[in-house]
Undergrad: 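The following block contains the structure, expressed as structure tokens.
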Amino acid sequence: MIIHYPEMNYNGSKTDAIVETLDIFPTLCDLARVKIPEFAQGVSLKEILENQNATGHPAISYKTDAATIRTATHRLTVHKDGFIELYDHTTTENETKNIANKHPELAEELKNTLKIKMY
């Protein structure tokens with residue numbers, strides 16, 4: 001994602017912060033100095049645009065048969081049938097080695113962060 005606005009201090013900078021497409025609308029409102037409507041989902045990315053070290057937030061996605069959360073270090077996917085996938089993005093394996101069985105505490109923590117009620 002590329003964002004530029006006239007008052008930007010860090011032109012050409014990049015970040016590894018995790019964000020969601022839902023954040024675009026509140027960001028545009030914030031940058032245009034328009035009150036972010038109550039119905040808007042997502043959060044403004046202005047802090048990340050002003051602070052290269054800002055961390056962002058987990059990205060969450062739902063579909064009919066699964067829900068997933070992506071953090072700066074991991075991705076957890078919980079399937080409707082109860083199958084859980086957990087991947088470590090700090091390793092070279094990325095999303096090729098499911099580590100859910102080896103790290104049940106982390107899987108449970110991310111599942112709680114996901115805050116889903118399974119179907």
Side-chain angles (χ1 to χ4, degrees):
M1 177 186 315
I2 298 172
I3 298 176
H4 174 77
Y5 64 100
E7 294 88 26
M8 192 168 202
N9 293 322
Y10 298 106
N11 289 332
S13 297
K14 71 176 200 171
T15 180
D16 291 326
I18 301 291
V19 298
E20 300 177 278
T21 54
L22 285 173
D23 300 330
I24 295 171
F25 179 68
T27 301
L28 293 174
C29 290
D30 200 6
L31 294 176
R33 296 181 181 95
V34 172
K35 183 177 186 258
I36 299 170
E38 299 253 340
F39 66 81
Q41 297 180 22
V43 296
S44 173
L45 302 177
K46 188 173 181 183
E47 179 184 345
I48 294 171
L49 297 171
E50 294 177 346
N51 176 3
Q52 295 172 297
N53 298 318
T55 58
H57 60 85
I60 296 173
S61 176
Y62 299 96
K63 59 184 216 173
T64 306
D65 58 352
T68 188
I69 182 170
R70 172 70 163 89
T71 69
T73 58
H74 292 83
R75 175 183 301 279
L76 175 83
T77 302
V78 180
H79 296 268
K80 184 177 182 178
D81 65 5
F83 183 69
I84 295 177
E85 299 174 70
L86 176 63
Y87 300 104
D88 186 348
H89 281 261
T90 65
T91 68
T92 57
E93 291 144 338
N94 284 317
E95 292 194 21
T96 61
K97 185 175 183 183
N98 185 352
I99 61 168
N101 290 336
K102 292 183 181 180
H103 301 280
E105 311 85 26
L106 178 57
E108 190 62 30
E109 177 185 330
L110 291 173
K111 188 175 174 184
N112 288 336
T113 302
L114 190 56
K115 295 179 184 170
I116 63 169
K117 295 180 179 158
M118 289 310 289
Y119 321 93

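These values consider heavy atoms only, across backbone and side chains, with no hydrogens, waters or symmetry-generated copies.
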Undergrad: Let me confirm one number: the NZ-OG1 distance from K111 to T77, rounded to the nearest 0.5 Å.
TA: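 It is 12.5 Å, given to the nearest 0.5 Å.
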
Undergrad: Is a donor from one side chain sitting under 3.5 angstrom from an acceptor on the other, for H57 and D23?
TA: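 The criterion, which ignores hydrogens and geometry beyond distance, is satisfied for D23 and H57.
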
Undergrad: If you take all heavy atoms of A17 and T15, which pair is closest and at what distance?
TA: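 So the two residues come closest at N-OG1, 3.1 Å.
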
Undergrad: Measure the CG-OG1 distance between L22 and T27 for me, rounded to the nearest 0.5 Å.
TA: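 Result: 10.5 Å between the selected atoms.
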
Undergrad: Looking only at non-hydrogen atoms, find the nearest pair between F83 and N98 and report the distance.
TA: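 Answer, listing the atom of F83 first, then N98: CZ-ND2, 3.7 Å.
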
Undergrad: Please, which pairs that meet side-chain hydrogen bond (donor to acceptor under 3.5 Å, both in side chains) have at least one residue in residues 29-47, sequence neighbours excluded?
TA: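 For residues 29-47, and leaving out neighbouring residues, the side-chain hydrogen bond (donor to acceptor under 3.5 Å, both in side chains) pairs sorted by first residue read D30-S44.
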
Undergrad: Give the cluster check for L114 versus I84: same hydrophobic cluster or not, with ILVMFWY residues linked at side-chain heavy-atom distances below 4.5 Å.
TA: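 Same cluster.
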
Undergrad: Where do L76 and V78 come nearest, in terms of heavy atoms and distance?
TA: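 The pair with the smallest heavy-atom distance is CD2-CG2, 3.8 Å.
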
Undergrad: Check H79 against A66 and note the closest heavy-atom contact, atom names and distance.
TA: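 Shortest heavy-atom separation between H79 and A66 comes out as ND1-CB, 3.8 Å.
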
Undergrad: So, for T113 and I60, which heavy atoms are closest and what is the spacing to 0.1 Å?
TA: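 It is O-CD1, 4.4 Å.
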
Undergrad: I48 pairs by side-chain contact (heavy atoms from CB on, under 4.5 Å) with which of V43, T55, V19?
TA: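 That would be V19.
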
Undergrad: For R70, which residues count as a salt bridge (charged side-chain N to carboxylate O under 4.0 Å, His left out) partner, sequence neighbours excluded?
TA: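 So R70 forms no salt bridge (charged side-chain N to carboxylate O under 4.0 Å, His left out) with any residue.
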
Undergrad: Let me check something: do I24 and I36 share a hydrophobic cluster, defined by ILVMFWY side-chain heavy atoms less than 4.5 Å apart, either directly or through other members?
TA: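 I24 does not cluster with I36.
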
Undergrad: May I ask whether I18 and Y87 are part of the same hydrophobic cluster, defined by side-chain heavy atoms of I, L, V, M, F, W, Y residues being less than 4.5 angstrom apart, directly or through others?
TA: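 Shared cluster, no.
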
Undergrad: To the nearest 0.5 Å, what is the distance between OG1 (T71) and CG (L106)?
TA: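 Interatomic distance, T71 OG1 to L106 CG, rounded to 0.5 Å: 7.5 Å.
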
Undergrad: State the CE-CG distance between M1 and L45, to the nearest 0.5 angstrom.
TA: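 Here the interatomic distance stands at 6.0 Å.
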
Undergrad: Mind checking the OG1-CG spacing from T96 to D88? Nearest 0.5 Å is all I need.
TA: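 Between atom OG1 of T96 and atom CG of D88 there are 10.5 Å.
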
Undergrad: Between atom CG of L49 and atom CD1 of I3, what is the distance when rounded to the nearest 0.5 Å?
TA: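 Between L49 CG and I3 CD1, I get 5.0 Å after rounding to 0.5 Å.
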
Undergrad: H89 and H74: which non-hydrogen atoms are nearest, and at how many Å?
TA: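 Scanning both residues, the minimum pair turns out to be CD2-C, 4.0 Å.
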
